[in-house]
Amino acid sequence: MDRIGRDRRGIQVTYSDLPLMVYGLLVLAYLVARSASVSFSWDEAYTYLHHVQHGVLWPERFDDMGANLHVLNVWLMWVADRFVGPHEWMLRLPNVLAGALYLGLGFILVREVRPWPMALALYILLTAHPYMLDMFSLARGYGLGISFMFL
């Protein structure tokens, strides 16, 4: 029997999905570890100190921009700051969750490919770009953009 189980919506989880799930969880663990261990960059600190901390949730001027003012990133950093506090890893949580969304969407996209080694190779090609993984572990907004474009 090739399937492991069936959830309430009728989605079958097969044995050939296990390598994809293990790889996806390892990448997600990497994103979480990186977001917790890397110190804040100048862009992230400027965004927090000048926008999030003071509640400036919209650009004030359009002629000069300090750091990166990705509005959705600022809003989500503001929410994380208000609910959890100004911990670096928590301010990066929206982008880590965007990385989890990207990994989940990639899993859904490639899981029907057979044979399963080809599906795993495609999943690795979709998710193993080092600069893209960096964006999912930093509070900059690019990870949010990548995930929503992929959605």
What about [X] and [Y], same hydrophobic cluster or not, with Ile/Leu/Val/Met/Phe/Trp/Tyr joined at side-chain heavy-atom distances under 4.5 Å?
{"X": "I124", "Y": "M118", "result": "yes"}
{"X": "L97", "Y": "V84", "result": "yes"}
{"X": "I108", "Y": "L26", "result": "no"}
{"X": "L125", "Y": "M149", "result": "no"}
{"X": "L72", "Y": "L138", "result": "yes"}

Pairwise distance [atom1]([X]) to [atom2]([Y]) - rounded to 0.5 angstrom:
{"X": "F107", "Y": "L126", "atom1": "CZ", "atom2": "CG", "value": "13.0 Å"}
{"X": "L120", "Y": "R111", "atom1": "CG", "atom2": "CZ", "value": "14.5 Å"}
{"X": "E88", "Y": "L93", "atom1": "CD", "atom2": "CG", "value": "14.0 Å"}
{"X": "N73", "Y": "L91", "atom1": "CG", "atom2": "CG", "value": "9.5 Å"}

Open item on the list: Please verify the inter-ring angle class for Y46 with W42; under 30° counts as parallel, over 60° as perpendicular, anything in between as tilted.
Closed with: parallel
Check: [Y] and [X] side chains under 4.5 Å, non-hydrogen atoms:
{"X": "W58", "Y": "W75", "answer": "yes"}
{"X": "L144", "Y": "L76", "answer": "yes"}
{"X": "H51", "Y": "W78", "answer": "no"}
{"X": "L105", "Y": "L109", "answer": "no"}
{"X": "R34", "Y": "D134", "answer": "yes"}
{"X": "M132", "Y": "Y102", "answer": "yes"}

Heavy-atom closest contact ([X] atom, [Y] atom, distance):
{"X": "A100", "Y": "L28", "result": "CB-CD1, 3.9 Å"}
{"X": "L31", "Y": "L103", "result": "CD1-CD1, 4.4 Å"}
{"X": "R114", "Y": "T14", "result": "NH2-OG1, 4.0 Å"}
{"X": "M135", "Y": "I146", "result": "CB-CD1, 4.3 Å"}
{"X": "P19", "Y": "S16", "result": "CD-O, 3.4 Å"}
{"X": "A36", "Y": "W89", "result": "CA-CB, 3.8 Å"}

Task: S147/F136 under side-chain contact (heavy atoms from CB on, under 4.5 Å): CA gap, chis, key distance, verdict - done: CA-CA 9 Å; S147 286; F136 288 130; 3.3 Å; yes
Have [X] and [Y] got a donor and an acceptor in their side chains that come within less than 3.5 Å?
{"X": "T47", "Y": "E44", "result": "no"}
{"X": "R92", "Y": "S35", "result": "no"}
{"X": "Y48", "Y": "D81", "result": "yes"}

TODO: Compute the ring centroids of Y123 and Y23, then answer whether they are less than 6.0 Å apart.
DONE: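 Yes - the distance between ring centres of Y123 and Y23 falls below the 6.0 Å cut-off.
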Task: Residues L20, W116; criterion side-chain contact (heavy atoms from CB on, under 4.5 Å); working and verdict - done: CA-CA 9 Å; L20 298 174; W116 73 265; over 6 Å; no
- [ ] Just do the side-chain contact (heavy atoms from CB on, under 4.5 Å) check on L57 and V71 with the steps written out, would you?
- [x] CA-CA 7 Å; L57 303 179; V71 178; over 6 Å; no
